[in-house]
Amino acid sequence: MISRIDLRGDALPEGPALRALLPRADFDVAAALDKVRPICEDVHHRGDAALIEYAEKFDGVQLEQVRVPAAALAEALQGLDPDVRAALEESIRRARAVHRAQRRAPHTTQVVPGGSVTEKWVPVERVGLYAPGGRSVYPSSVIMNAVPAQEAGVASMALASPPQADCGAFSGLPHPTILAACALLGIDEVYAVGGAQAVAMFAYGTESCAPANMVTGPGNIWVAAAKRYFTGRIGIDTEAGPTEIAVLADDTADPVHVASDLISQAEHDPLAAAVLVTDSTELADAVAKELVPQVAATKHVEDRIAPALAGRQSAIVLVDGLEEGLRVVDAYGAEHLEIQTRDAAAVADRVKNAGAIFVGPWAPVSLGDYCAGSNHVLPTGGCACHSSGLSVQSFLRGIHIVDYSREALADVAHHVVTLADAEDLPAHGAAVKARFGWKVPGQ
C-alpha cells in the first residue's frame, strides 16, 4: 500500500542529492503553461463571453452571467446547516485572533540627527481570492484567504469558485457552502468561475470583474500554471501543488494516529503525498499494518487514497536516528510537518523548512486545516525552504519614507558622490552636488 525508502547505514548526502532520494509527486507546471496560455488570452480578448464558454466546456454548466447574485449568498447562508455554520464561525474567530496579531505598525529609524527612514505598511488595493471546487469543496479555504486579507486592510476583494453542475437550487453557482462562507465573511463580490480562467479574470479584468493586484488561493495544476503565467503582472501567493504531509516520529508515536494522519492528507487527491520519517522499524511496520483497515473503513479509497499512498510521492522513510530524521524533513520541506517524538516541542524548534509544524499527538494536520487559527494555504513541493504560508504580511507592501534635513545630507554627501563615481554614475553624484552649489559637470 505504501513503499519504503531505507536511508540507514550510509551517511546521508547533502542538499539536492538528499532531496533527490525523497518521494515527490510529478507536477509539471511548465508543461501546463502551453495549455493555459490560450485560455488566459481568450479571457483577455473576449471577457465574460469566454468565461461563460469555459464554464460550459469544463464545468458542464450553462451560465447567463458569471457574478453570483447577492440573493444567492443570503439564501446559502440562510440554508446552511447550523452545526456547519457554528464550525465556520469558530474557524473564522480563531483565524482572526491569529492573523490580527500579525498586523504591522510603521517604524521609524533615526539614522543620524536630521535623517530618518520610516517603513510604513500599505495593503494591496484589490485581491482576487480563489476557492477550489473540484473533487472537494473547501469553505475553509475561503476563510484562510479572506481573513488575512481583511486583517491586512485590503479594501476590495472578490472571490471565484467553480460553478457546480448538480447542486439543486444552486446549480450553476459555486457550492452553497462556499457562498455561505462568503456571506459570513462579508464578501459580496463572488464569481462562478474556476480554473485558469478565474486567474485570468482577476489579472485582466472583464466586463463584470475589475482587475486585481494580487491573486491567492490553492487550486489544481491549471490554476498554478495560470499564476505562473501572470507572475509580474499580478502578485501571487504560491504555485500550490498537491498537498503533502510528513510525519517525523520515533518509537513513542502511536501508529493509529500516524496512519490516520497520513490517510487524512491522502484523501485530498491521488497526487497527495504522505510521508513517514522514522528511526523505528517497529513503528514503520505497525503503521503499514494499520493503514490497511483504516483505508478500508473510509471513503474516497479507489479514486484518491489508494493511488496517493501507493504513488511515488508517498513512502515510509527509515533513518538511523533523530538527527538524520531532522535532516531528511528539512530537505523535504513539507507543506505540513507533524512531530511525534519525545520532547516534540524541542524537536519542532530545530526544524528549518516546513510550511507549518504540528507538535505532538494532539495537534494533527486536520486541526490546522480548520480550527487551529493558523493558515492552511502553505508552500508545497519543497518551496517551504524559501516561502511562507499565507498571512497578513502576504497582503502588505513595505514602503520606505526617507526624510533628511540639509545638514544630514551635507554630512554624508561626499560618500554619496564617491560611491556614484565608483559605479560610473556621475549624474547621481551631481544630483547631490547641485544642492550645495558644488561644481556640477557641464556648468
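Here, residue 1 is the first one in the sequence, and each next residue gets the next number.
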Side-chain polar contacts of residues 352-374 - donor-acceptor pairs under 3.5 angstrom, sequence neighbours left out - could you list them?
residue : atom : partner : partner atom : Å
Asn353  : ND2  : Asp330  : O            : 2.9

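- A donor-acceptor pair shorter than 3.5 Å can be found between the side chains of Glu41 and Tyr229.
- Nearest heavy-atom pair across Leu283 and Ala253 is CD1-O, 3.7 Å.
- By the 4.0 Å N-to-carboxylate-O rule, Arg350 lies close enough to Glu323 to be salt-bridged with it.
- Minimum interatomic distance between Ala196 and Trp222 (heavy atoms only, all atoms of both residues): CB-O, 3.7 Å.
- Annotation for Ala192 and Gly172: closest pair CB-O, 3.9 Å, computed over non-hydrogen atoms.
- Checking His336, Arg24, Gln265 one by one against Glu244, the side-chain hydrogen bond (donor to acceptor under 3.5 Å, both in side chains) holds for a single residue, Arg24.
- Across all their heavy atoms, Gly153 and Pro123 have their closest contact at O-CG, 3.6 Å.
- The shortest non-hydrogen separation linking Ala266 to Ala272 is CA-CB, 4.0 Å.
- Atom CG of residue Leu173 and atom CG of residue Leu63 lie 8.0 Å apart, to the nearest 0.5 angstrom.
- Val277 pairs with exactly one of Leu318, Ile316, Leu248, Leu7 by the side-chain contact (heavy atoms from CB on, under 4.5 Å) rule, that one being Leu248.
- Every residue meeting the side chain to side chain contact (heavy atoms under 4.5 Å, CB included) condition with Leu185, not counting sequence neighbours, appears here in chain and number order: Ile92, Arg96, Val142, Ile143, Ala146, Val147, Gln150, Ile187.
- Pairing each heavy atom of Glu89 with each of Leu184, the nearest pair is OE2-CD2, 3.7 Å.
- Ring centers of His45 and Tyr204: at least 6.0 Å apart, outside the cut-off.
- Each of Asp237, Val154, Thr216 was checked for a side-chain contact (heavy atoms from CB on, under 4.5 Å) with Leu129, and the lone residue meeting it is Thr216.
- Electrostatic pairing of Arg126 and Glu189 counts as a salt bridge here, judged by a charged N lying under 4.0 Å from a carboxylate O.
- One distance of note links CD of Glu335 with OG1 of Thr238; it measures 9.0 Å at 0.5 Å rounding.
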